[in-house]
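Down below is the structure, laid out as structure tokens.
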Number of protein chains: 2
Amino acid sequence: MKKRAAKRLDYEKELRRQGVRITRQRSAILGILSETEDHPDALEIFRRAVAVDPSISLSTVYRTMKLLGDIGAIHRHAFEGGPSRFEHATDHHDHLIDIETGDVIEFKSDKIEQLQDEIAKSLGYDIVHHRLELYGRKRRTG
Amino acid sequence: MKKRAAKRLDYEKELRRQGVRITRQRSAILGILSETEDHPDALEIFRRAVAVDPSISLSTVYRTMKLLGDIGAIHRHAFEGGPSRFEHATDHHDHLIDIETGDVIEFKSDKIEQLQDEIAKSLGYDIVHHRLELYGRKRRTG
DNA sequence: AATGCAATTGCAAATCGTTTGCAACTGGTG
DNA sequence: CACCAGTTGCAAACGATTTGCAATTGCATT
Ligand SMILES: [Mn+2]
Ligand SMILES: [Mn+2]
Ligand SMILES: [Zn+2]
Ligand SMILES: [Zn+2]
């Protein structure tokens, strides 16, 4: 899954456009989000943010994730068991979670996406969003 | 989605087989689960159970759902936003959730199931379980 | 650069769904 | 019908997230 790193400035630009203030704390979080390629949870983002701005609070991380989610700059995933995990918004894709390591692997299937649309349509619905998560374990190549 | 109602006695038999006691509270819950065709949450099961046995507690509902889940007699779903919802175990199927009414519609696609397997395999994984949820709104037939 | 004020913050407390410790109770076997 | 491990109700604890509030700060305005 190729992912173009969103630029911190892209985020800030979008925030300003929405009349939202760029605070020191938000800059720190945006910096972290823009350069991360994984799916960290709020606490992990908080830990990374503290390294940049020790005064930041977990509340602010949560509030910022909420804000960014609302404007569509990030996506929130509630994988089984754990807390919500975040990633900067990119093209839609789904996830395979390694149930032994917790690793998250991204994938995309146009066929599945299309079948979903057909199923929804046949039931009289339009899909607004969906969630497809595969939980598996690495096949031991014996 | 055709669903054969599980019999309360099926549940009890399985529980006894596992050396688990059939208490008044468990009977009440099993009765409710065996005759429900929807996806109630713990609180709703509790409400229905109280009507049968006023002494039952919410804790016992949760403990019983855990127990039944562990032996595979029921399935637990964590749909977006709300609390866990339960249904008695039947053949695998996935869900379409009406984001306006909360209604849950069941569906099954062998094609999607197969594509999932192929994707996992191509990534070097075996699927242990998965979650596919479509969130949509009723198409207005205008 | 100084002012003004609504937006934002950190903190603590609240919330929600769920789990758990514990003393009292009870199913089911002998 | 006695026994006792399994089960219960209750209240308190839990983990993730949200919220009220008084203090702070971004930034548009002079
Ligand atoms: Mn992703
Ligand atoms: Mn179902
Ligand atoms: Zn998808
Ligand atoms: Zn499925």
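A, B, ... follow the sequence lines: proteins, then strands. Residue 1 opens every chain. The basis for the numbers below is simple: all heavy atoms, side chains too, and nothing from hydrogens, waters or symmetry mates.
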* To do: Specify the separation, in whole Å, of atom CZ of A/R24 and atom C1' of C/dG10.
  => 11 Å

* With a 4.0 Å heavy-atom cut-off, tell me which residues in residues 51-61 of chain B come close to DNA chain D, sorted by residue number. => B/S55, B/I56, B/S57, B/S59, B/T60

* Structure fact -> Taking five pairs at each terminus, the helix from C/dA1-D/dT30 to C/dC16-D/dG15 shows an axis bend, to 10°, of 30°

* To do: Take atom CZ of B/F46 and atom P of C/dT18, then tell me their distance rounded to the nearest Å.
  => 14 Å

* With sequence neighbours excluded, tell me which residues meet side chain to side chain contact (heavy atoms under 4.5 Å, CB included) with B/I99. => A/V128, B/Y135, B/R137

What donor-acceptor contacts under 3.5 angstrom involve side-chain atoms of residues 47-54 of chain A, with partners at least two apart or in another chain?
| residue | atom | partner | partner atom | Å |
| --- | --- | --- | --- | --- |
| A/R47 | NH1 | A/E44 | OE1 | 2.6 |
| A/R48 | NE | A/E44 | OE2 | 2.6 |
| A/R48 | NH1 | A/T36 | OG1 | 2.9 |
| A/R48 | NH2 | A/D38 | OD2 | 3.1 |
| A/R48 | NH2 | A/E44 | OE2 | 3.3 |
| A/D53 | OD1 | A/R24 | NH1 | 3.2 |
| A/D53 | OD1 | A/S55 | N | 3.0 |
| A/D53 | OD1 | A/S55 | OG | 2.9 |
| A/D53 | OD2 | A/R24 | NH1 | 3.1 |

* Check the distance between C/dT18's C1' and B/D41's CG and give it to me in whole angstrom. => 12 Å

* Anything under 4.0 Å to a heavy atom of chain A counts; send over the first and last such nucleotide of DNA chain D, read 5' to 3'. => D/dA16 to D/dC27

* Asked: So do A/H77 and A/R131 actually touch side chain to side chain, heavy atoms under 4.5 Å?
  -> no

* Asked: What is the nucleic acid contact for B/R26, judged by heavy atoms within less than 4.0 Å: base, sugar-phosphate only, or nothing?
  -> sugar-phosphate

* Is it possible for you to say whether B/I112 and A/I97 belong to one hydrophobic cluster, with membership spreading through side-chain heavy-atom contacts below 4.5 Å? => no

* Can you check whether B/L33's main-chain N or O pairs, donor with acceptor, with B/H88's side chain at less than 3.5 Å? -> yes

* Asked: Which residues in residues 70-83 of chain B have at least one heavy atom lying under 4.0 Å from any atom of DNA chain D?
  -> none

* Asked: side chain to side chain donor-acceptor pair (under 3.5 Å) with B/E118: which of B/K121, B/Q114, B/Q116?
  -> B/Q114

* With distance as the sole test, does B/R26 use its side chain to make a donor-acceptor pair with the main-chain N or O of B/R21 at under 3.5 Å? -> yes

* Let me know the distance between CE of B/M65 and P of C/dT19, rounded to the nearest Å. => 11 Å

* Distance in angstrom units between B/R63 CZ and C/dT19 P, rounded -> 11 Å

* To do: For C/dG17, take OP1 and OP2 only and decide whether either is under 4.0 Å from a side-chain N or O of B/S84.
  => no

* Asked: Do you know which of A/L132, A/V104, A/I105 makes side chain to side chain contact (heavy atoms under 4.5 Å, CB included) with A/H95?
  -> A/V104

* Compute the ring centroids of B/H92 and B/H130, then answer whether they are less than 6.0 Å apart. => yes

